[in-house]
Each structure stands twice: as structure tokens, then as C-alpha cells.
Amino acid sequence: HVVSNSPYPPVPPPKLINGRPVMFFRTYVGAAAKAAQLGLMSESGLIKVIDTAKKALSKVPRSDSKWVELERDISYAYSTVPINEDEN
């Protein structure tokens with residue numbers, strides 16, 4: 001998980017440690033998208049994470065940087081994982 005005092009810190013690229021992939025992410029949606037890409041999470045699981053993340057921020061103003069990061073990761077998820085949006 002990427003944490004920083006500065007807004008929108010860069011996410012380090014993936015790397016291998018002892019032959020295991022290590023991925024970095026900003027939000028749970030970003031983590032779930034990477035898990036789905038690797039076949040570790042289903043499409044329906046990813047959709048549940050997206051829905052839950054949106055609900056968790058329901059009382060946070062849309063102008064908050066948390067929404068910016070979440071929306072960025074949701075777009076990333078939809079662009080990199082084949083999701084049937086009709087079922088969402």
C-alpha cells in the first residue's frame with residue numbers, strides 16, 4: 001500500500017522478491033484489480049470490492065483526494081480486467 005504525505009505519490013513498479021511478485025497499490029480497488037489480473041480474484045469479487053469502496057466513501061465529499069484515487073483505480077480496473085458492466 002502506497003502511503004505518503006504528498007498528494008498523489010507515484011506507485012512503485014511491481015518487483016519480484018524471492019521469486020514472488022510484489023505489487024503496490026493506492027486503494028483496495030487497485031489491489032483487487034491486480035489480484036484479478038493475476039487470476040487470484042474473480043470478476044464478481046472485484047465488483048464487490050468496487051461497490052464496497054464506493055459505499056465506504058459515501059460521506060466523503062467528491063472533491064476529496066480519496067475519491068480521485070478511488071475513481072482512478074476503478075477506471076484502471078475496468079480498463080485492465082474484462083468486467084461485464086451490464087451485470088454491475
Side-chain angles (χ1 to χ4, degrees):
H1 182 83
V2 176
V3 178
S4 174
N5 289 332
S6 62
Y8 315 114
V11 176
K15 60 183 173 182
L16 291 175
I17 296 180
N18 294 329
R20 305 279 185 199
V22 176
M23 307 284 200
F24 298 92
F25 53 90
R26 281 193 177 89
T27 69
Y28 288 122
V29 171
K34 290 178 192 276
Q37 290 170 3
L38 294 170
L40 302 172
M41 177 178 274
S42 68
E43 174 185 316
S44 63
L46 176 56
I47 291 168
K48 286 178 186 177
V49 172
I50 290 170
D51 290 343
T52 301
K54 288 178 177 179
K55 288 176 187 170
L57 291 184
S58 64
K59 295 185 179 176
V60 175
R62 285 283 190 160
S63 59
D64 190 283
S65 65
K66 290 178 183 179
W67 272 105
V68 173
E69 291 179 358
L70 179 62
E71 289 171 348
R72 181 182 299 139
D73 281 354
I74 290 171
S75 293
Y76 170 75
Y78 282 123
S79 71
T80 61
V81 177
I83 297 176
N84 184 353
E85 294 185 62
D86 294 334
E87 296 176 10
N88 193 6

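The model shown is predicted, which means the values in this text are computed figures rather than measured ones. FYI, the numbering just counts along the sequence from 1.
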* Asked: Taking only residues two or more places apart in sequence or in another chain, which ones pass side chain to side chain contact (heavy atoms under 4.5 Å, CB included) with Lys15?
  -> Ile17, Val22, Phe24

* Asked: Once you round to the nearest 0.5 Å, how far does CZ of Arg72 lie from OG of Ser65?
  -> 9.5 Å

* Point-to-point distance, once rounded to the nearest 0.5 Å, from OG1 of Thr52 to NZ of Lys48 -> 9.0 Å

* Structure fact -> The side chain to side chain donor-acceptor pair (under 3.5 Å) partners of Ser75 (sequence neighbours excluded) come to none

* Not counting sequence neighbours, which residues clear side chain to side chain contact (heavy atoms under 4.5 Å, CB included) with Leu16? List them please. => Pro21

* To do: Hey, could you give me the CD1/OG1 distance between Ile50 and Thr27, rounded to the nearest 0.5 Å?
  => 9.0 Å

* Output the distance between atom CG (Asp51) and atom CD1 (Ile74), rounded to the nearest 0.5 Å. => 8.5 Å

* **salt bridge (charged side-chain N to carboxylate O under 4.0 Å, His left out) against Arg62, all qualifying residues, sequence neighbours excluded** => Glu71

* To do: Check whether any side-chain heavy atom of Leu57 lies under 4.5 Å from a side-chain heavy atom of Trp67, and answer yes or no.
  => yes

* Quick one: closest heavy-atom pair of Leu46 and Ala32, and the distance? => CD1-CB, 3.5 Å

* To do: Could you list the residues that satisfy side chain to side chain contact (heavy atoms under 4.5 Å, CB included) with Ala53, not counting sequence neighbours?
  => Val29, Leu70

* To do: Identify, with sequence neighbours excluded, every residue that meets side chain to side chain donor-acceptor pair (under 3.5 Å) alongside Thr80.
  => Gln37

* Structure fact -> Scanning both residues in full, the closest heavy-atom pair of Met23 with Leu38 reads CE-CD1, 3.9 Å

